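To start, the structure itself, in structure tokens.
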Amino acid sequence: MSSQSVSQSLRKHKILSFENWFLLIDKLQCRGREQLLCTEGGEWGEKSTADLMSAYVSKEAGFGVPKEGWRICLAHVFKEKRKPFQAKDVSLSNMWEHIGLGIRYLRWWYKKTQVEKKAPFIDMFHALPLRQIYGAPLGGIGGGTITRGWRGEFCRWQLNPGMYHYKTVMADQFTVCLRRGGQTVYQQVLSVEHPSTLQGWNWGYCGEYAFYHALYPRAWTVYHLPGQNVTLTCRQISPVIPHDYKDSSLPVAVFIWDIENKNDYALEVSIMFTMVNGSGHKDDSTGGHWNEPFHLEKEGKALSGVLLHHCTAVNPYTLCISAREQPDRKVSHQTAFSPSGTCSGLWSDLMTDGRLDSPSGSSPPTQKGEKVAAALAVGCSVPAHGHNDVEFCLAWDMPLITFGSRERKHVRRYTRYFGSKGEASPSLSHYALTHYKEWERRIEEWQSPILQDSSLPSWYKSALFNELYFVADGGTVWTELAEDADVSGGVRSEDGGLPAQPDVIKEYGRFAYLEGQEYRMYNTYDVHFYASFALIMLWPKLALSVQYDIAGSVVQQDLTERLHLMSGMYSPVKTKNVVPHDIGDPDDEPWHRLNAYLIHDTAGWKDLNLKFVLQVYRDFHITQDNQYLKDMWPICQAVMESEIKFDLDGDGLIENSGYADQTYDGWTVTGPSAYCGGLWLASLCVMCKMARLVDTEKTYQHYKDILDRGSAAFDKLLWNGKYYNYDSSGKYHSNSVMSDQCAGHWFLKASAFGDEDYQAFPKEKIQSSLKSIFDLNVMAFAGGQMGAVNGMRPEGVPDRSSVQSDEVWIGVVYGLAATMIHEGMREEGMHTAEGCYRTVWERLGMAFQTPEAYCEKNIYRSLAYMRPLSIWAMQLALNMTQKDQAPTTGDSDEVGT
């Protein structure tokens, strides 16, 4: 029975008896299993992958390009063009409840943008259009990022902390020059573009002869030069290395150009790297910017290049392009050229002898309205049927940063090792060019066990590593803790609070990343709950640093009354003893002013406090950090005490309050619910566990009593024989199948709770729920090829009762897949997650900008979002299930590998 015929039957008969409803679910479950069998073998996925390379006409595979990763021909054109979610996309049935929000938001937006001249934390009127161009970002964690697109363009910039600028700077390019017998035989900009500027350069490289391959934090671009019998492979490396807290903070990237000459004669090959002083922002033309050449010799190794000093009034920085000086390499430069006009002089300079003029001295500061760029060329000889390579480094140094309020200065993490005077670019570049081989060795050591695991599908290996881009490119900041900082919120350890400067933050710094590049709030906690798996598995000290910051903010309060846009009511910015929604807006003053989000008053949200408790125990389980558990315990007790007030009838189970009071902030929920009720029971389980570790039997018994009563109520009010109902309101949508209904159980499994530990969720009921989700939310939605829709009606059609219930949330899907893997449903979990990866990365052209959500057709919402980092929960689940199945051989490996 198809979902369409089911829907027609329901419309005809209007009503479905309880018995027929279960019969219908059984039929849809059979259909789901049949579809999975039909798609077994991945034919649809293989075709999706092959389409990305269908335009490639060369047979060249490149130099050292790995098998696994995301690969696309530079001539590929994505057929599907989606648009961002806008107000007009709200259905008439949902419009009425959002009219007040719309009016209040418009007033607030006007004041923010036109009066205060600030950027709104969410701009509902200027959602980012989809540009299907992005590749792996450059740079380590927390020092700013520059994204190089898969066609080779430098096109997305985040140098000012948390503030993105989307501009392709056309003069930022690599150019190749081939010479034979003292004559230039070929010179080409390695770009498929045909810009209206720089007409003196040879543009329009044929993209059919090139492909891009990403396996973050590295990427490769292979260019076969038509008619030249030469293949270039550009490998970019960023120092993003698990369990490394020094090199991973560096704002650098290295480009290695491998040159293969398949001719019967030798060639002289030069690669030129051009870079504008700036990012394409309007401040590039404000004047006062200047360039200078430099030479640095250190530890017997020398490099030279050009420094591009960008002298803005706020957050000035220096860009640096450089190369190592070696006996068989010829390094030359052009200190300054104008990127306007034809630029034929620079082109001719390179063509003459494969080198640049290399003038000495600095360029004069630019005048207002004027831009300046620099160029660096490296040449080498490549023997007949031989190979050689050249190296470049791109570094940027913005050591001191201010956020939008301009109230405080913050010092970036990398300054601990390279200083904060703004003079570090040469040293950063030297360090990168002399250490990148070690970085690659460590990256390969980390990735190889997963890449070589033949039981894992190729799409998963690509998704797992490439989704990590957001750790660096999530508007991320990583700063040193100021000497006078107090993260405790003023409540000291002896009073149930924290140390003013916890050791982990003093040693490893403060870390923050955005909810999304469009949703500009740092450390949005309800979303971090999902994304945090990447941090706790790969950079656990940063995960704990975030937790200490959140714990300190729990005890703070800000009684300033403000209007909340959904309700139209005034309430305090921050209530004491509740977890904040976020730690602030980068256009204001993060860590100092909390809760940039003002759509709802999140003091009434039901999930935030619980997500803190669950993360505390999971993090303790993974790190075994007893001091952390001891420090967090009183904060956990405080937030649970705040949460218990939501149990209005004293049955041990909290109730939702009839609005969207949790991470699904557009999906109303009333009374006990599967999502928040499940998080509550899971939190009680871990409170029992922690009480036994750090407290008294009396405290344990207190939480155990609530758990026993709450579990009984949860089962009575929400279990329907197949799955847990969305909520207990009795409304039309209350029996919808929510894909995220097992979130609490997921965290228990990730924390190694066994079947004998606190039976909040009986195994048979969890497995029945997961099977219902798979058959309905996955297989009965979009042919089973787009992941799991958030809400599904039991009759097999998406729940359209809200603006979010018929969306697919990629990060939620990865968490769901992890839960399935924990429960022995590995095949179903992999298929569920695969649908999201294929949709985002292969069909919709959203590589390195995975959104929060998409619908079955036409629209997406919030590009480049935090939550999909939850794919690392799948790897944790795989690690744990493999460990359970393997014979005991001693200490296990690190959880992140």
Side-chain angles (χ1 to χ4, degrees), residues 146 154 169-179 184 187 189-190 198 200-201 234 252-257 259 268-278 289-298 301-310 317-341 343-366 370-381 389-397 423-430 432-434:
I146 301 170
F154 290 77
V169 181
M170 201 54 65
D172 292 354
Q173 298 290 345
F174 287 99
T175 296
V176 61
C177 174
L178 304 183
R179 293 175 57 79
T184 296
Q187 188 161 300
V189 182
L190 294 170
L198 305 169
W201 296 8
C234 176
V252 298
V254 175
F255 300 93
I256 311 301
W257 286 85
I259 307 160
E268 295 292 321
V269 181
S270 297
I271 304 290
M272 180 175 70
F273 186 12
T274 50
M275 199 81 188
V276 172
N277 187 329
H289 311 313
W290 58 285
N291 300 345
E292 64 172 327
F294 78 94
H295 172 86
L296 174 65
E297 187 165 350
K298 195 176 185 181
K301 297 176 182 177
L303 78 159
S304 59
V306 183
L307 301 173
L308 297 82
H309 301 292
H310 198 74
Y317 61 90
T318 297
L319 291 167
C320 175
I321 53 177
S322 62
R324 279 184 59 191
E325 294 184 350
Q326 301 176 76
D328 56 348
R329 304 289 190 279
K330 300 171 184 176
V331 181
S332 58
H333 71 269
Q334 180 55 260
T335 306
F337 71 91
S338 172
S340 305
C343 274
S344 55
L346 180 71
W347 190 260
S348 299
D349 186 11
L350 182 66
M351 183 172 283
T352 300
D353 57 3
R355 303 186 67 181
L356 301 174
D357 283 347
S358 301
S360 60
S362 305
S363 68
T366 56
E370 181 185 14
K371 297 180 182 180
V372 67
L376 186 72
V378 183
C380 67
S381 297
D389 62 58
V390 299
E391 308 166 341
F392 291 89
C393 179
L394 172 64
W396 51 98
D397 183 25
E423 303 168 349
S425 291
S427 295
L428 283 165
S429 301
H430 188 281
L433 287 169
T434 55

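One is the number of the first residue; the rest follow in order along the sequence. Quick caveat, the model's predicted, so the values are computed rather than measured. Heavy-atom basis, side chains included; hydrogens, waters and symmetry copies ignored.
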Got a donor-acceptor contact below 3.5 angstrom from the [X] side chain to the [Y] backbone?
X: T366; Y: H289; answer: yes
X: S362; Y: E292; answer: no
X: S270; Y: G354; answer: yes
X: D349; Y: D357; answer: yes
X: W396; Y: Y317; answer: no

Which atom pair, heavy atoms only, marks the closest approach of [X] to [Y]?
X: N291; Y: H309; answer: OD1-N, 4.2 Å
X: C234; Y: F255; answer: SG-CD2, 3.9 Å
X: T335; Y: P359; answer: OG1-O, 3.5 Å
X: M351; Y: T184; answer: O-OG1, 2.6 Å
X: G278; Y: L319; answer: N-CD1, 3.8 Å
X: S429; Y: L303; answer: CB-CD1, 3.7 Å

Sequence neighbours excluded, every pair satisfying salt bridge (Lys or Arg N to Asp or Glu O under 4.0 Å) that has a member inside residues 318-329: R329-D389
Set of ring-ring contact (aromatic ring centres under 6.0 Å, His included) partners for H430, sequence neighbours left out: none
All ring-ring contact (aromatic ring centres under 6.0 Å, His included) counterparts of F337, not counting sequence neighbours: none
Nearest 0.5 Å, please: how far is [atom2] in [Y] from [atom1] in [X]?
X: T274; Y: Q334; atom1: OG1; atom2: CD; answer: 12.0 Å
X: I321; Y: L307; atom1: CD1; atom2: CG; answer: 9.5 Å
X: C393; Y: F273; atom1: SG; atom2: CZ; answer: 9.0 Å
X: I271; Y: L350; atom1: CD1; atom2: CG; answer: 9.5 Å
X: E268; Y: K330; atom1: CD; atom2: NZ; answer: 5.0 Å
X: M272; Y: C177; atom1: CE; atom2: SG; answer: 9.0 Å

Is there side-chain contact between [X] and [Y], with at least one heavy-atom pair below 4.5 Å?
X: F294; Y: C320; value: yes
X: V276; Y: L308; value: no
X: W347; Y: L198; value: no
X: K298; Y: P426; value: no

F392 and F174 aromatic ring geometry - parallel, tilted or perpendicular at 30°/60° bounds: perpendicular
